[in-house]
Amino acid sequence: MERDYQPQIIEPEIQKSWESEKTFKTTEDHNKPKFYCLCMFPYPSGKLHMGHVRNYTIGDVISRFMTMKGYNVLQPMGWDAFGMPAENAAIKNQLPPATWTYENIDHMRRQLKRLGFGYDWDRELATCTPDYYRWEQWLFTRMVDKGLAYRKKARVNWDPVDRTVLANEQVVDGRGWRSGALVEKREIDQWFIRITDYADELLDDLNSVDWPEQVKTMQRNWIGRSQGVEFSFERQGTQERLEVYTTRPDTIMGITYVAVAAQHPIATKAAETNPDIAAFIRDCAQMSVIEADLAKAPKKGIATGEYVIHPFSGEEIPIWIANFVLMDYGSGAVMAVPGHDQRDWEFATQYGLPIKPVIKSYDDDPDYDISKQAWCEKTGVTINSGQFDNLTFEQAFEAVANAIEDQRIGRVTTNYRLRDWGVGRQRYWGCPIPIIHTDEGLKIVRDEDLPVTLPEDVVVDGSESPLIGRSDFVDTVDPETGRQAKRETDTFDTFMESSWYYARFASAFSNDAMLDQNANYWLPVDLYIGGIEHAILHLLYARFFHKVLRDLDLVVTNEPFKKLLTQGMVLKDGSKMSKSKGNTVDPQELIDRYGADTVRLFMMFAAPPELSLEWSDDGVAGAHRFLKRLHTLVTEHVGQGNHLTSDTLELDALSDSARDLYRKLHETVAKVSDDIGRRYHFNTAIAAVMELTNSAIKFNATTESDWQVLSEVIETLVILLSPITPHIAQHLWSQLGNDGSLIDTHWPTVREDALIRDTVTLIVQVNGKLRGRIQVATDADDETVMRMAREEPSVAKFLGGMIEKKAIVIPQKIINLVVAPKR
RNA sequence: GCCGGUGUGAUGGAAUUGGUAGACAUACCGGACUUAAAAUCCGGAGAGGGAAACCUCGUGCCAGUUCGAGUCUGGCCACCGGCACCA
């Protein structure tokens with residue numbers, strides 16, 4: 001028998017047998033409970049990075065564990081294959097994006113297979129293939145039919161040198177990343193999808209999913225549902241009105257100005273006659289399109305010279321144009337209450353506008369000083385507010401809202417921070433938007449003409465999309481009129497593809513519909529695993545798509561992902577390891593050197609999934625060393641010829657040391673089962689397995705029952721580790737004389753009677769400080785335990801000259817004696 | 001700026017429900033084996049004081065709740081993620 005651990009020999013052999021025996025082929029088996037375990041699919045950037053290895057190892061460990069627990073497990077894999085990096089690579093390498101992408105997929109598929117992940121490869125998909133994206137195009141045409149998709153102008157980054165639209169990522173310090181030209185902003189017509197129609201449902205259904213609270217909170221805040229009041233001011237000297245939205249109607253008497261967005265019609269109108277205003281608006285139009293930049297930008301504004309009339313006081317209030325007011329939120333205009341809103345306060349301070357306090361804090365809070373900052377708490381009462389004086393937030397809200405409704409100038413409304421989803425991209429390597437521009441207007445492409453296929457033989461040069469110059473793509477005929485038409489050259493946001501792939505895996509073989517009935521066998525995804533960086537956008541879009549699919553009767557559930565596990569990032573040098581930053585560590589080198597099992601073991605041992613993990617090369621060797629120790633333990637055990645298995649081990653017949661080892665065995669089974677199956681804390685599961693291994697190595701077996709215990713320990717170790725390091729486990733399993741695939745074996749169960757202890761160690765504290773330990777019988781009564789605690793010498797010496805005031809006893813754990821000096 | 005997280009030995013982390021802080025590893029130090037090295041095996045180790053027994057301090061910082069706080073509360077600091085065209 002081969003005595004050395006040789007992963008480079010055994011791993012490929014075992015992988016070959018999984019492939020030839022179709023071990024991970026999945027079918028819809030109604031005799032077992034199903035378990036759909038999905039990891040976020042990768043962008044095929046070239047090669048796997050550590051984040052992928054971490055993500056997919058977690059999924060594989062859970063999938064293998066659930067299989068051994070008797071579930072019918074689906075674990076698929078595919079490729080999020082459209083996107084910008086392929087175009088960048090195409091420019092650099094003079095290769096079409098498709099060629100680059102398919103080569104990357106081939107390489108990364110080999111890497112995934114080399115890591116031993118148990119995927120059902122028959123279901124593999126790549127989003128850049130017409131077989132996949134035709135259904136996305138089909139779905140989009142249904143959305144157009146239902147009025148869920150519409151056209152609207154949106155601002156984009158325009159590189160005047162490369163004559164192309166840039167992604168935010170491609171704008172560096174306000175300049176195009178390739179040309180270095182100052183980036184301009186352009187307004188262009190774009191397709192939007194009405195995700196806001198589903199805002200309430202997206203918010204409310206968060207309560208029905210088993211997701212980390214932090215992710216649900218982030219999504220709730222992102223949707224940002226607020227109750228407020230929408231009302232309009234009379235504009236002095238005109239017949240027109242100005243509509244605003246506020247969540248703080250209780251502060252209405254503190255308005256000292258109103259502010260409108262630079263894109264607001266009032267601003268546009270004012271600019272016609274005032275060149276300063278026109279210049280200000282032009283400046284605003286060149287501001288960043290990134291919200292974080294806008295929030296940090298210095299507040300700027302300009303007075304319009306126009307006024308509105310306060311609905312209750314009749315005062316004249318100036319209208320300002322301000323760069324911090326967003327046209328997309330509410331009506332693009334706000335009532336400004338600088339006393340009680342920090343942004344309004346800063347703006348008023350800067351431009352010398354009055355600040356009027358209308359809320360007084362209840363308890364003379366020392367932070368209440370309106371000359372220094374706004375008071376934004378809702379805990380005070382109204383002052384200086386005439387008819388609305390001396391009211392709490394709730395009372396004032398209601399009174400003001402009623403007064404506004406009585407005047408018929410507004411009403412209570414719900415508003416959302418969430419905006420509709422702009423899905424058009426002026427890029428080549430994406431799913432073509434199935435629209436034709438005809439002389440009768442825009443028309444969706446008919447079902448029978450789908451898919452609109454993206455030509456793959458193109459030259460990408462960094463300027464405008466190559467689709468625009470392709471007459472074989474652009475020129476078409478309107479099937480209704482027979483007249484000339486042009487195809488839309490925009491493609492979809494790649495979040496479109498990743499919003500429904502989870503469902504397509506579940507009906508991977510459906511050729512004549514987007515989804516078939518198998519989708520409803522597998523869905524929802526029982527466990528979805530991926531990076532925390534997707535907590536909002538991807539997960540929100542996918543949830544939205546699922547509801548659209550449901551409303552089209554394609555699925556029956558409300559939510560796509562029942563449980564979510566968000567893994568922390570793999571960091572290198574303190575920041576996210578990513579292809580865009582180019583700071584990746586290549587897992588392939590580690591696989592070549594140590595084998596897949598070592599890499600898998602190390603990744604799972606280094607940190608629990610949800611924590612971010614700073615990569616370091618230290619420790620991989622330690623994981624490898626452990627596998628060698630295990631390999632040696634098992635091969636020596638088998639070599640000694642004393643591998644004895646018994647179904648009827650008599651606990652009473654065991655020596656003390658064998659009894660202890662046997663108890664530890666079952667404690668380990670309990671811990672590992674809980675850690676893998678419930679907590680997803682693989683690092684502590686591995687630590688427990690290591691402890692048991694160390695105990696097994698130290699154990700000196702002499703009798704037949706000793707050998708039986710050791711044999712059971714060794715066999716169980718191999719099984720417990722098999723989800724994490726499946727190759728060495730399978731190899732050792734065979735060495736131990738077992739036939740067949742280890743994954744067909746049942747997960748071990750805990751023998752409860754093996755866990756029973758006769759004695760337990762209790763901690764004794766005096767005034768909360770550890771002073772001693774006592775060994776007591778598990779069934780000892782409190783009186784006995786207390787006597788032993790007080791008599792324990794290390795404890796007793798702290799009791800001299802003291803009066804015992806209190807004794808806290810936590811059974812089987814701790815005793816705390818609270819004492820004070822005698823006087 | 002806003003939203004969400006994280007912070008424990010030299011390092012990664014453990015402590016699951018408020019009850020022994022530092023499991024299990026890595027790096028390090030010492031020993032065994034070896035002509036030697038590697039590999040392997042055995043042992044040590046939070047910091048400070050002490051000859052030792054043992055004592056004191058210690059989970060980013062400052063307060064608080066509690067018999068008892070890494071864990072709960074309030075306030076700060078640092079770092080990480082997201083902010084709608086990176087995926």
Side-chain angles (χ1 to χ4, degrees), chain A residues 40 42-43 45 80 82-85 154 156-157 165-171 190 212-215 217-222 224 289-297 324 328 342-343 417-427 493-495 498 531-538 540-541 566 568-569 571 574-576 578-581 602 605-608 610-614 616 618-623 625-626 628-629 632 671 674-675 678-679 681 683-684 686-691 694 697 761-765 767-770 773 794 805-808 810 813-818:
Chain A
M40 291 181 186
Y43 178 81
S45 55
D80 188 14
F82 276 136
M84 225 172 35
V156 295
N157 302 304
V165 174
L166 299 179
N168 288 338
E169 193 189 46
Q170 297 173 311
V171 179
Q190 302 254 44
E213 215 41 58
Q214 53 152 314
V215 176
T217 304
M218 280 192 269
Q219 291 215 350
R220 285 187 189 109
N221 292 340
W222 186 261
V289 298
I290 301 169
E291 197 185 275
D293 293 341
L294 294 176
K296 279 182 254 183
F324 65 86
D328 296 318
Q342 190 57 23
R343 275 178 321 183
R417 206 187 71 97
L418 180 69
R419 306 199 293 261
D420 277 340
W421 176 12
V423 295
R425 297 290 181 269
Q426 297 69 48
R427 272 199 270 284
D493 177 4
T494 57
F495 275 126
S498 56
I532 184 69
E533 67 272 25
H534 294 293
I536 295 176
L537 292 179
H538 162 61
L540 192 66
Y541 292 145
T566 49
M569 255 147 296
L571 307 178
S575 71
K576 176 183 171 180
S578 74
K579 55 193 169 291
S580 58
K581 287 183 186 150
F602 174 70
F605 185 55
E610 69 272 17
L611 283 192
S612 64
L613 150 59
E614 170 70 32
S616 106
D618 295 343
V620 182
R625 196 176 306 152
F626 170 73
K628 280 202 281 192
R629 269 158 67 80
T632 305
K671 169 136 185 80
D674 189 50
D675 281 352
R678 179 182 66 87
R679 295 213 304 155
H681 276 206
N683 56 331
T684 51
I686 293 165
V689 168
M690 286 175 168
E691 281 192 56
N694 292 342
I697 289 171
T761 304
L762 285 190
I763 301 307
V764 186
Q765 297 181 334
N767 286 345
K769 283 191 176 163
L770 172 67
R773 292 156 219 268
S794 58
K805 309 197 84 163
K806 201 171 172 184
I808 287 114
I810 308 295
K813 270 192 178 157
I814 202 163
I815 294 168
N816 189 9
L817 302 172
V818 183

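A note on names: the letters A, B, ... follow the listed sequences, proteins ahead of strands, and every chain is numbered from 1.
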*Asks:* Can you figure out which of B:G19, B:A23, B:G13 approaches the side chain of A:Ile810 most closely?
*Replies:* B:G19
*Asks:* Under 4.0 angstrom, heavy atoms only, what part of the nucleic acid is A:Arg417 near: base, sugar-phosphate, or nothing?
*Replies:* base
*Asks:* Just by modelled atom types, is the A:Leu166 backbone N or O under 3.5 Å from a matching donor or acceptor in the A:Asn157 side chain?
*Replies:* yes
*Asks:* Using only side-chain N and O atoms of A:Asn816, determine if any of them is under 4.0 Å from OP1 or OP2 of B:U66.
*Replies:* no
*Asks:* Taking atom C1' in both B:U26 and B:A45, compute the distance separating them and give it to the nearest angstrom.
*Replies:* 14 Å
*Asks:* Taking any heavy-atom pair under 4.0 Å as a contact, classify A:Pro608: base, sugar-phosphate, or nothing.
*Replies:* sugar-phosphate
*Asks:* Nearest whole Å is fine: how far is B:G81 P from A:Met40 CE?
*Replies:* 17 Å
*Asks:* Base, sugar-phosphate alone, or nothing: which one does A:Asn221 contact when heavy atoms must sit under 4.0 Å apart?
*Replies:* sugar-phosphate
*Asks:* Should B:C76 form a Watson-Crick or G-U wobble pair with both distances under 3.5 Å, which nucleotide is its partner?
*Replies:* B:G60
*Asks:* Give A:Lys813 one of three labels, base, sugar-phosphate or nothing, depending on what nucleic acid heavy atoms sit under 4.0 Å from its own.
*Replies:* sugar-phosphate
*Asks:* With hydrogens left out and only the distance checked, is there a donor-acceptor pair under 3.5 Å joining A:Asn168's side chain and the base of B:C85?
*Replies:* no
*Asks:* Would you kindly give the CG-to-P distance between A:Asp293 and B:G1, to the nearest whole Å?
*Replies:* 13 Å
*Asks:* On RNA chain B, does the nearest nucleotide to A:Ala687 precede the nearest nucleotide to A:Thr684 from the 5' side, or the other way round? Give the residue.
*Replies:* A:Thr684
*Asks:* Looking at B:A27, which nucleotide sits across from it as a Watson-Crick or G-U wobble partner, both distances under 3.5 angstrom, or is there none?
*Replies:* none
*Asks:* Regarding A:Arg679 and A:Thr684, is there a side-chain donor-to-acceptor distance under 3.5 Å anywhere?
*Replies:* yes
*Asks:* Taking CD1 from A:Ile290 and P from B:G81, how many angstroms apart are they, rounded to a whole number?
*Replies:* 15 Å
*Asks:* What is the nucleic acid contact for A:Trp222, judged by heavy atoms within less than 4.0 Å: base, sugar-phosphate only, or nothing?
*Replies:* base
*Asks:* If you look at every strand shown and take non-hydrogen atoms under 4.0 Å, does A:Glu610 touch a base, only sugar-phosphate, or nothing?
*Replies:* nothing
*Asks:* Which one, B:G12, B:A15, B:A39, comes nearest to the side chain of A:Arg679?
*Replies:* B:A15
*Asks:* With a 3.5 Å cut-off and just heavy-atom distances, do the side chain of A:Arg625 and the base of B:U40 make a donor-acceptor pair?
*Replies:* no
*Asks:* So what does A:Gly531 touch, heavy atoms closer than 4.0 Å: a base, only the sugar-phosphate, or nothing?
*Replies:* nothing
*Asks:* Does any N or O donor sit under 3.5 Å from an N or O acceptor when you compare the side chain of A:Lys769 with the base of B:U56?
*Replies:* no
*Asks:* Output yes when at least one side-chain N/O atom of A:Asn683 is less than 4.0 Å from OP1 or OP2 of B:A14, else no.
*Replies:* yes
*Asks:* Identify whether any heavy atom of A:Arg629 sits under 4.0 Å from a base atom; if not, whether one sits that close to sugar-phosphate; answer base, sugar-phosphate or nothing.
*Replies:* sugar-phosphate
*Asks:* Check every strand shown and say whether A:Phe495 touches a base, only sugar-phosphate, or nothing at a heavy-atom separation below 4.0 Å.
*Replies:* base
*Asks:* Can you tell which of B:U20, B:G19, B:C85 lies closest to the side chain of A:Arg427?
*Replies:* B:C85
*Asks:* Taking 4.0 Å as the cut-off, does a side-chain nitrogen or oxygen of A:Thr494 come that near to OP1 or OP2 on B:A87?
*Replies:* yes
*Asks:* Between A:Glu691 and A:Lys671, does any side-chain N to carboxylate O distance fall below 4.0 Å?
*Replies:* no
*Asks:* Does A:Gln426 make a side-chain donor-acceptor contact with the base of B:C85, cut-off 3.5 Å?
*Replies:* yes
